[in-house]
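In what follows, a single structure is set out as structure tokens and then discussed.
One-based numbering, in listed order, for ligands and for the atoms of each. Any value given below was found using the heavy atoms of this structure, including those in side chains, with hydrogens, waters and symmetry copies removed. Worth saying up front: this structure is predicted, and the values here are computed from it rather than measured. Start at 1 with the first residue, then count along the sequence.
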Amino acid sequence: MFDEKLRVGIYGGTFAPVHNGHIQSAKAFMTQMKLDYLYVIPTYLPPHKEVDFSDRPEVRLRMCELAFSDVEGVVVSDIEIKRGGRSYTYDTLRELSGENKKLFFLCGTDMVLTFDTWYRFEDILKMCYPVYVRRENDKIIENRIISKITEYYNKYGVMFRRIVTDPIELSSTQIRDAVRAGKDISGMVHPLVEKYIKENKLYE
Ligand code: ATP
């Protein structure tokens with residue numbers, strides 16, 4: 001039967017700053033999961049990370065808006081920033097879920113490995129289709145992922161779907177370090193994000 005539900009993607013992160021690995025993954029996620037639209041959601045306070053408060057949420061939000069300004073179907077959302085406090089995926093999915101939607105939730109490989117430590121992760125699995133994308137070319141990590149998603153399947157009956165892309169081995173940490181060292185970041189971030197980082201003297 002024809003499925004009339006909207007296919008909605010969710011991609012959250014600290015995005016400090018958003019980089020080309022995020023952009024490539026988001027695009028592949030939209031295409032491969034046939035999404036009607038994708039929410040890109042910068043966290044207010046990530047539950048598992050220390051953030052530098054010079055990297056304000058509004059700044060990270062603005063960089064996401066710039067990075068995805070030329071990608072149709074992406075909605076950069078301030079839902080977690082408005083909510084404040086620790087940003088739990090569970091709360092975000094609850095807010096965004098609805099009768100007429102199927103939610104697909106994307107995470108990179110590092111997140112898959114720790115997923116079962118997340119707040120109410122079993123409920124998260126009931127609210128969305130989890131999807132993962134590789135961020136490294138590393139056979140050892142690949143094997144750990146496979147055994148972890150097999151464990152999730154055996155314990156919770158949920159299979160993580162996989163996005164196939166050539167991984168871009170890049171992290172926000174690398175970009176912050178590169179800026180601090182005065183190196184060129186033009187191949188790592190969207191040109192508008194590069195300009196914004198320079199103009200606002202971020203990460204110096
Ligand atoms: P940091 O270096 O500050 O820890 P990060 O590069 O890991 O940052 P996050 O904002 O923490 O970026 O990541 C948001 C989401 O994007 C996570 O699910 C993460 O796994 C994923 N991700 C980050 N970098 C990549 C990449 N190069 N390719 C694919 N996914 C990525």
Could you tell me which atoms of ligand 1, counted from 1 in the order shown, lie closer than 4.0 angstrom to a heavy atom of Thr173? 1 (P), 2 (O), 3 (O), 4 (O)

Does even one non-hydrogen atom of Glu136 get within less than 4.0 Å of ligand 1? no

Using a strict cut-off of 4.0 Å, indicate which atoms of ligand 1 neighbour a heavy atom of Ser25. 28 (N), 29 (C), 30 (N)

For Gly12 and ligand 1, does the shortest N/O to N/O distance drop below 3.5 Å? no

Checking the N or O distance criterion of under 3.5 Å, is ligand 1 in contact with Tyr11? yes

Which of the numbered atoms in ligand 1 are below 4.0 angstrom from a heavy atom of His19? 6 (O), 24 (N), 25 (C), 26 (C), 27 (N)

In terms of atom number and element, which parts of ligand 1 are under 4.0 angstrom from non-hydrogen atoms of Asp110? 19 (C), 20 (O)

Between Ser172 and ligand 1, is there a nitrogen or oxygen pair with a distance under 3.5 Å? yes

Is there a donor-acceptor contact under 3.5 Å from the side chain of Thr114 to the main chain of Thr117? no

I'd like to know whether ligand 1 has Ala16 as a neighbour, heavy-atom separation below 4.0 Å. no

Quick note on ligand 1: atoms under 4.0 Å from a heavy atom of Gly13 include exactly 10 (O), 14 (C)

The test is side-chain contact (heavy atoms from CB on, under 4.5 Å); show your working for Ile10 and Leu106 and say whether it passes. CA-CA 6 Å; Ile10 296 173; Leu106 181 67; over 6 Å; no

Please determine if Lys148 and Asp116 form a salt bridge, counting it only when a charged side-chain N lies under 4.0 Å from a carboxylate O. yes

Could you see if Ile146 belongs to whatever hydrophobic cluster contains Val158? Use Ile, Leu, Val, Met, Phe, Trp, Tyr and a side-chain cutoff under 4.5 Å. no

Location of contacts on His22 toward ligand 1, heavy atoms closer than 4.0 Å: side chain

Taking Glu58 first and then Arg62, would you say they form a salt bridge - that is, a charged N and a carboxylate O separated by under 4.0 Å? no

Side-chain touch Tyr39/Val8, heavy atoms, less than 4.5 angstrom: yes

Give the numbers and elements of all ligand 1 atoms closer than 4.0 Å to a heavy atom of Leu170. 24 (N), 26 (C), 27 (N)

For ligand 1, which atoms have a heavy atom of Arg176 less than 4.0 angstrom away? 3 (O)

Is the closest side-chain heavy-atom distance between Arg7 and Lys102 below 4.5 Å? yes

Inspect the contact between Glu95 and Arg83 and indicate whether a charged nitrogen and a carboxylate oxygen are less than 4.0 angstrom apart. yes

Please find out if less than 6.0 Å separates the ring center of Phe160 from that of Phe115. yes

Need the ligand 1 atom indices (1-based, order shown) with element for anything under 4.0 Å from a heavy-atom of Met111. 17 (C), 18 (O), 20 (O)

Does any non-hydrogen side-chain atom of Arg162 lie less than 4.5 Å from one of Val131? no

Decide whether an N or O pair under 3.5 Å exists between Cys107 and ligand 1. no

